[in-house]
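Take a look at the structure set out below.
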Amino acid sequence: MLPSLLTQLSWTNHLLIMSGSKSDEEREFYMRLAVKERYSSRQLERQMDSGYYERYMLSRSKLLPEPLHSEQNPFLDQYVVEFLDLPDAFHENDFRKALVKGMRDFILELGKDFTFVGEEYPIQVGGEDYRIDLLFFHRSLHCLVAMELKVGKFKPEYVSKMDFYLEGLDRQIRKPDKIRAWDCCCAHPKMMR
């Protein structure tokens with residue numbers, strides 16, 4: 001299997017993986033990832049520099065990236081969004097605007113199966129208007145992914161708010177042949193859940 005991966009990698013990506021990996025498992029992980037996602041050397045280098053392998057291993061019990069199936073959770077426990085260049089003190093609105101401005105890098109961090117639908121996505125529940133911070137569509141899972149951005153420590157009431165939004169998305173926006181919407185509550189811009 002590995003020889004066939006080697007033939008699918010560019011020479012630059014091959015050098016990056018061989019020089020930047022600490023173990024055979026990490027090398028194989030990045031080889032599979034680079035081939036699967038068709039990473040340029042710049043994209044691969046960013047993922048390696050941000051410790052994607054370590055974050056993936058902390059988030060998953062399986063060893064290597066595999067094609068996503070509907071029952072699998074495609075989300076990592078943490079995302080690195082250092083490209084936002086936010087000051088130490090900022091508001092949720094600043095966080096959302098920075099993510100939208102850096103959308104290409106943000107989608108690279110999330111994974112290439114995510115498609116951006118909108119920011120402050122309007123939804124109406126019980127005659128009241130609400131806005132979902134960021135809304136994506138995941139192509140492999142065929143579902144909407146709602147993100148509520150929060151600055152500071154996680155609070156239990158964030159879960160209820162997301163459930164409320166997801167119910168509204170499922171009733172009003174979701175197509176009948178798609179699965180239920182997923183949530184992703186982001187509590188800190190450097191290491192998001």
Non-hydrogen atoms of [X] and [Y] that approach each other most closely:
{"X": "Val125", "Y": "Gly168", "answer": "CG2-CA, 4.2 Å"}
{"X": "Leu16", "Y": "Ser41", "answer": "CD1-O, 3.4 Å"}
{"X": "Leu9", "Y": "Ala34", "answer": "CD2-CB, 3.7 Å"}
{"X": "Val159", "Y": "Phe154", "answer": "CG2-CZ, 3.5 Å"}
{"X": "Arg131", "Y": "Pro122", "answer": "NH1-CB, 3.5 Å"}
{"X": "Ile132", "Y": "Ala146", "answer": "CG2-CB, 3.8 Å"}

Under-4.0 Å salt bridge between [X] and [Y]:
{"X": "Glu167", "Y": "Arg171", "value": "yes"}
{"X": "Glu148", "Y": "Lys150", "value": "yes"}
{"X": "Arg27", "Y": "Asp24", "value": "yes"}
{"X": "Glu120", "Y": "Arg96", "value": "yes"}

Do [X] and [Y] come close enough that some side-chain heavy atom pair is under 4.5 Å?
{"X": "Met162", "Y": "Met147", "result": "no"}
{"X": "Leu33", "Y": "Tyr52", "result": "yes"}
{"X": "Leu134", "Y": "Val100", "result": "yes"}
{"X": "Leu44", "Y": "Ile17", "result": "yes"}
{"X": "Glu128", "Y": "Tyr130", "result": "yes"}

Side chain to side chain donor-acceptor pair (under 3.5 Å) involving Asp94 - partner list, sequence neighbours excluded: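 If we apply the side chain to side chain donor-acceptor pair (under 3.5 Å) test to Asp94, skipping adjacent residues, there are no hits.
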Spacing of [atom1] belonging to [X] relative to [atom2] belonging to [Y], to within rounding of 0.5 Å:
{"X": "Ser40", "Y": "Arg42", "atom1": "OG", "atom2": "CZ", "value": "7.5 Å"}
{"X": "Asn93", "Y": "Glu119", "atom1": "CG", "atom2": "CD", "value": "8.5 Å"}
{"X": "Phe114", "Y": "Leu141", "atom1": "CZ", "atom2": "CG", "value": "7.5 Å"}
{"X": "Met18", "Y": "Asn13", "atom1": "CE", "atom2": "CG", "value": "10.5 Å"}
{"X": "Phe95", "Y": "Glu92", "atom1": "CZ", "atom2": "CD", "value": "9.0 Å"}
{"X": "Met31", "Y": "Gln8", "atom1": "CE", "atom2": "CD", "value": "9.5 Å"}

Within the distance-only criterion (no hydrogens, no angle test), does the side chain of [X] pair as donor or acceptor with the backbone N or O of [Y] below 3.5 angstrom?
{"X": "Asp133", "Y": "Leu149", "answer": "yes"}
{"X": "Tyr30", "Y": "Tyr53", "answer": "yes"}
{"X": "Ser50", "Y": "Gln47", "answer": "yes"}
{"X": "Glu26", "Y": "Lys22", "answer": "yes"}

Worked verdict on Gln172 versus Ile123 for side-chain contact (heavy atoms from CB on, under 4.5 Å): CA-CA 8 Å; Gln172 299 172 23; Ile123 189 165; 3.6 Å; yes
Non-neighbouring partners of Lys101 that pass side chain to side chain contact (heavy atoms under 4.5 Å, CB included), sequence neighbours left out: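 Per chain and number, Lys101 pairs via side chain to side chain contact (heavy atoms under 4.5 Å, CB included) with no residue.
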Residues forming a side chain to side chain contact (heavy atoms under 4.5 Å, CB included) with Arg139, sequence neighbours excluded: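 With neighbours one apart ignored, the set is Asp113, Thr115, Phe137.
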Stepwise salt bridge (Lys or Arg N to Asp or Glu O under 4.0 Å) check, Arg32 with Glu28: CA-CA 6 Å; Arg32 289 180 186 273; Glu28 185 175 351; 2.7 Å; yes
Same apolar cluster (I L V M F W Y, side chains within < 4.5 Å links), Phe29/Leu15: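 They do not share one cluster, since no chain of ILVMFWY contacts under 4.5 Å joins Phe29 to Leu15.
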